[in-house]
Amino acid sequence: MKIATWNVNSLKVRLSHLLQWLSTHPVDILCLQETKLTDDKFPVSKINAAGYQVVFSGQKTYNGVAILSKLPITDVVKNNPLFDDPQQRILAATIGGMRIVCAYVPNGQSVDSDKYAYKLSWLAALREWLAGEMTAHPALALLGDYNIAPEDRDVHDPVEWAGQIHCSDRERAALAALTDLGLQDAFRLFEQPEKSYSWWDYRMLGFRRNRGLRIDHILLSRALAARCTACEIDREPRKWEQPSDHVPVTATLA
DNA sequence: ATGGCAATAGAGTATTGA
């Protein structure tokens with residue numbers, strides 16, 4: 001069983017990349033973020049034709065999440081019931097006996113921004129809701145674009161990024177509050193190459209110079225972490241023509 | 001210090017992303 005997450009930065013633009021990637025990486029479950037599509041424009045038939053069922057929650061221009069699955073999808077919840085939010089950033093579903101939560105955490109823009117306060121309150125509400133979800137569903141995975149680099153080793157230049165958005169203490173504390181629930185970063189369960197990132201700026205040859213951040217994560221409850229045998233970042237799609245600035249992260253479960 | 005690149009909306013350029 002393979003579960004994955006990918007911020008596609010517009011599914012309209014990236015549908016061909018998605019289908020190409022799935023043809024060579026036929027994961028069982030894939031969480032998407034930043035689909036940037038209203039639900040009436042979601043490419044259901046093309047995804048079905050690729051062998052996947054799909055649920056989605058989108059809006060115009062911004063945000064939007066989806067879950068693709070080879071197995072039946074049940075008990076779908078859109079958004080955090082504890083947090084009134086017009087932005088479509090959360091989708092939860094039960095698949096194969098697991099609770100799968102797809103999340104697109106707010107960017108935050110900068111630490112002195114209103115969007116930063118929104119990010120922190122959004123994350124606090126996520127934790128509160130997840131605590132209950134984990135009680136109801138011991139086998140839970142939280143996959144998505146967290147817009148937080150957990151540690152300095154997840155940042156290409158920790159000095160340049162110190163205290164900045166994605167790396168600030170309060171963001172890292174909010175992420176630690178999630179792991180305190182018993183969720184574990186699947187990527188760090190294993191030996192990994194140094195300078196492993198999941199996002200690179202489009203500007204200034206960011207990818208070629210490997211000026212990246214690891215901000216896309218798969219967090220697993222104890223029950224799932226015990227089953228996890230691998231977790232990897234696939235940099236390849238970042239080399240394709242007109243790529244997303246993020247790449248997929250995949251965890252393998254026994 | 002600023003913009004650098006990309007996507008979107010919408011017809012200039014502004015907003016957001018990270």
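We name chains A, B, ... by the order of the sequence lines, and we start the count at 1 in each one.
- Using a 4.0 Å heavy-atom criterion, one finds that A/Y104 contacts the sugar-phosphate atoms exclusively.
- Rounded to a whole Å, the NZ atom of A/K36 is 12 Å from the C1' atom of B/dA9.
- Considering only the side chain of A/R89, B/dG17 comes nearest among B/dT16, B/dT8, B/dG17.
- For B/dA6, the OP1/OP2 oxygens have no side-chain nitrogen or oxygen of A/R14 closer than 4.0 Å.
- Applying the 4.0 Å criterion to OP1 and OP2 of B/dT15, one finds that A/T61 has every side-chain N and O outside that range.
- Each of A/I95, A/I67, A/I73 was compared with A/Q53 under the side chain to side chain contact (heavy atoms under 4.5 Å, CB included) criterion, and only A/I73 meets it.
- The one candidate from A/L213, A/V105, A/I148, A/V155 that meets the side chain to side chain contact (heavy atoms under 4.5 Å, CB included) condition with A/H166 is A/L213.
- Side chain of A/Y202, nearest nucleotide from B/dA18, B/dA9, B/dA6: B/dA6.
- Residues A/Y104 and A/N147 bring no donor and acceptor atom of their side chains to less than 3.5 Å of each other.
- Other residues, nucleotides and ligands place no more than 12 heavy atoms under 6.0 Å from the CZ atom of A/R222.
- Between the CG atom of A/D145 and the P atom of B/dT16 there is a distance of 17 Å, rounded to whole Å.
- At B/dA18, none of the side-chain N or O atoms of A/Y116 fall inside 4.0 Å of OP1 or OP2 (strictly under the cut-off).
- A/N147 comes within 4.0 angstrom of sugar-phosphate atoms only, judged by non-hydrogen atoms across all strands, and of no base.
- No path of Ile, Leu, Val, Met, Phe, Trp and Tyr side chains, each step under 4.5 Å between heavy atoms, connects A/L143 with A/I90, placing them in separate hydrophobic clusters.
- Residues A/H246 and A/W6 place their aromatic rings such that the two centres sit no closer than 6.0 Å.
- As rounded to whole Å, 14 Å separates atom P of B/dA18 from atom CH2 of A/W200.
- Considering only side-chain N and O atoms, A/N9 lies nowhere under 4.0 angstrom from the phosphate OP1 or OP2 of B/dT16.
- Side-chain atoms of A/R203 lie closest to B/dC5 of the nucleotides B/dT8, B/dG17, B/dC5.
- Remark: the separation of the P atoms in B/dA6 and B/dG10 is 23 Å, to the nearest Å.
- Between the side chains of A/Q88 and A/N63, no donor-acceptor pair is found at a separation under 3.5 Å.
- Within residues 154-162 of chain A, no residue has any heavy atom closer than 4.0 Å to DNA chain B.
- Between A/K12 atom NZ and B/dA6 atom P there is a gap of 17 Å when expressed in whole angstrom units.
- At least one test fails for A/K36 against the ring of A/Y62: distance under 6.0 Å to the centre or angle within 45° of the axis.
- Residues of residues 242-249 of chain A that place a heavy atom closer than 4.0 Å to DNA chain B, in numerical order, are A/Q242, A/H246.
- In this structure, A/Q164 places its CD atom 16 Å from P of B/dG17, rounding to the nearest Å.
- Rounded to the nearest 0.5 angstrom, A/T35 OG1 and A/R14 CZ are separated by 12.5 Å.
- With both ends at atom C1', the span from B/dG3 to B/dA9 equals 22 Å, rounded to whole Å.
- Taking only side-chain nitrogens and oxygens, A/N107 comes nearer than 4.0 Å to OP1 or OP2 of B/dA18.
- One atom, CD of A/E34, and another, C1' of B/dA7, lie 9 Å apart when rounded to the nearest Å.
- A/W21 and A/D234 share a side-chain donor-acceptor pair at under 3.5 Å.
- Of the two residues near DNA chain B, A/M204 and A/G108, the one whose nearest nucleotide lies more 5' is A/M204.
- Protein atom CD of A/E171 is 13 Å distant from nucleotide atom P of B/dG17, rounded to whole Å.
- Open room surrounds CZ on A/R170; 12 or fewer heavy atoms of other groups in view lie less than 6.0 Å from it.
- For A/W129 and A/N80, the side-chain atoms include no donor-acceptor pair closer than 3.5 Å.
- Within the 4.0 angstrom heavy-atom criterion, only backbone atoms of the sugar-phosphate kind lie near A/N7; the bases stay farther away.
- A donor-acceptor contact closer than 3.5 angstrom is absent between the side chains of A/S244 and A/N9.
- For the pair A/Y62 OH and B/dA6 P, the computed distance is 18 Å after rounding to whole Å.
- Listed in residue order, the members of residues 205-215 of chain A having a heavy atom less than 4.0 Å from DNA chain B are A/L213, A/I215.
- Straight-line distance between the C1' atoms of B/dG4 and B/dA18: roughly 13 Å, to the nearest whole Å.
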